[in-house]
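Note sheet for the following structure.
Computed over heavy atoms, backbone and side chain alike; hydrogens, waters and symmetry mates excluded. Predicted model, so just to flag it, every value in this text is computed and none were measured.
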Amino acid sequence: MADTIEKQVEEMLQQGKSRRQAWNFLRDRENPHRLLFHLNNSSLPADRRKVQWNNLVLVVLLAFLTIKKLLVAFSFGSLDLALILSLIPAVINVYILREVLRFRRLGYKFLFVLSIVAFLLPENHHLQEASLLLAQVLLSGYILLVLFPKKDLIGLEEANRVAGS
């Protein structure tokens with residue numbers, strides 16, 4: 001069901017409709033909370049073109065860091081708990097990479113927050129790691145602001161109002 005809502009939202013946005021127009025058209029036909037999530041998580045095609053090169057740089061940077069984490073994880077050579085634990089950040093990065101490639105808000109938000117938190121890890125205190133993380137923070141924050149300005153997002157109160165009526 002959520003998949004069909006996502007497809008409908010994507011089709012309407014591809015046709016040039018705004019989030020508000022899609023909301024007004026679909027709000028009575030679909031679960032308003034799911035619809036709200038997909039509307040606010042999907043970017044407008046015209047905005048994607050504005051940041052496509054920045055997004056490409058961000059994807060390459062994230063892919064590089066993910067591959068680096070995987071190489072470090074498998075360099076120990078034994079299958080144990082340490083290997084499994086070291087794969088967790090790489091798996092999370094793959095999910096974020098998928099969302100960023102699809103220009104989804106959730107991917108940029110996760111990447112922004114997790115990149116800031118990654119500064120706390122001692123392995124990221126080297127100049128190369130810190131500069132790559134800083135680039136991730138700046139690019140993901142910039143793209144998040146360009147693709148999803150606060151004024152264009154639909155508020156939760158509207159979904160609650162529709163669900164309550």
Please test Leu87 against Leu70 for side chain to side chain contact (heavy atoms under 4.5 Å, CB included), starting from the C-alpha separation and ending with a verdict. CA-CA 7 Å; Leu87 289 176; Leu70 286 171; 3.7 Å; yes

I'd like to check Leu44 versus Arg19 (side-chain heavy atoms, cut-off strictly below 4.5 Å). Are they in contact? yes

Connected via hydrophobic side-chain network under 4.5 Å: Val59 and Ile92: yes

Evaluate salt bridge (Lys or Arg N to Asp or Glu O under 4.0 Å) for Arg104 paired with Glu6, printing each intermediate quantity in order. CA-CA 11 Å; Arg104 300 289 189 234; Glu6 184 177 8; 3.1 Å; yes

What's the spacing between Leu81 CG and Ser86 OG if we round to 0.5 Å? 9.5 Å

Minimum heavy-atom separation for Ala135 and Leu61, please, with both atom names. CB-CD2, 3.8 Å

Find out if a path of hydrophobic residues (ILVMFWY) with successive side-chain heavy-atom gaps under 4.5 Å connects Tyr108 to Tyr142. yes

Before giving the answer on side chain to side chain contact (heavy atoms under 4.5 Å, CB included), spell out for Asp47 and Lys50 the whole-Å C-alpha distance, their side-chain angles and the decisive distance to 0.1 Å. CA-CA 5 Å; Asp47 292 339; Lys50 292 178 191 173; 3.2 Å; yes

Do the side chains of Glu99 and Asn41 get nearer than 4.5 Å, heavy atoms only? yes

Stepwise salt bridge (Lys or Arg N to Asp or Glu O under 4.0 Å) check, Glu10 with Lys7: CA-CA 5 Å; Glu10 193 62 37; Lys7 285 180 182 176; over 6 Å; no

Side chain proximity check, Gln14 to Pro45, heavy atoms < 4.5 angstrom: yes

Among Ile154, Leu153, Asn31, which one satisfies side-chain contact (heavy atoms from CB on, under 4.5 Å) with Leu36? Ile154

Taking a hydrophobic cluster as the set of Ile, Leu, Val, Met, Phe, Trp and Tyr residues connected by side-chain heavy atoms closer than 4.5 Å, whether directly or through intermediates, do Val57 and Leu101 fall within one such cluster? yes

How far does CG of Leu39 sit from CD of Gln8, to the nearest 0.5 angstrom? 10.5 Å

Measuring from atom CG of Leu71 to atom OG1 of Thr66, what distance do you get when rounded to the nearest 0.5 angstrom? 11.0 Å

Please determine whether side chain to side chain contact (heavy atoms under 4.5 Å, CB included) holds for the pair Leu58 and Ser140, giving the CA-CA distance in whole Å, both sets of side-chain angles, and the decisive distance to 0.1 Å. CA-CA 7 Å; Leu58 186 62; Ser140 61; 4.2 Å; yes

Indicate yes or no: at least one non-hydrogen side-chain atom of Val117 is less than 4.5 angstrom from one of Phe112. no

Can you tell me how far apart CG (Leu13) and NE2 (His38) are? Round to the nearest 0.5 Å. 12.0 Å

Within a strict 4.5 Å, meaning less than it, do heavy atoms of the Leu35 and Arg29 side chains meet? no

Do Ser42 and Phe103 make a side-chain contact, defined as non-hydrogen atoms from C-beta onward lying under 4.5 Å apart? no

Decide whether Leu97 and Leu132 are clustered together by the hydrophobic rule: side chain heavy atoms of Ile, Leu, Val, Met, Phe, Trp, Tyr closer than 4.5 Å, transitively. no

Side-chain contact test, heavy atoms from C-beta onward, threshold under 4.5 Å: evaluate it for Gln136 versus Leu114 and give yes or no. no

Please check this pair: side chain of Asn124 against backbone of Leu133, looking for a donor-acceptor N/O pair closer than 3.5 Å. no

Are Val137 and Ile96 in one and the same hydrophobic cluster, where Ile, Leu, Val, Met, Phe, Trp and Tyr link if side-chain heavy atoms are under 4.5 Å apart? no

Qualifying residue, where the test is side-chain contact (heavy atoms from CB on, under 4.5 Å) with Ser43 and the options are Leu144, Val51, Leu147, Val146: Leu147

Phe119 versus Leu134: any side-chain heavy-atom pair under 4.5 Å? yes

Does this structure show an ion pair linking Glu11 with Lys17, if we count only N-O contacts that are shorter than 4.0 Å? no

For Asn40 and Phe148, run side chain to side chain contact (heavy atoms under 4.5 Å, CB included): C-alpha distance rounded to whole Å, both residues' side-chain angles, the deciding distance at 0.1 Å, then the answer. CA-CA 8 Å; Asn40 286 337; Phe148 306 99; over 6 Å; no

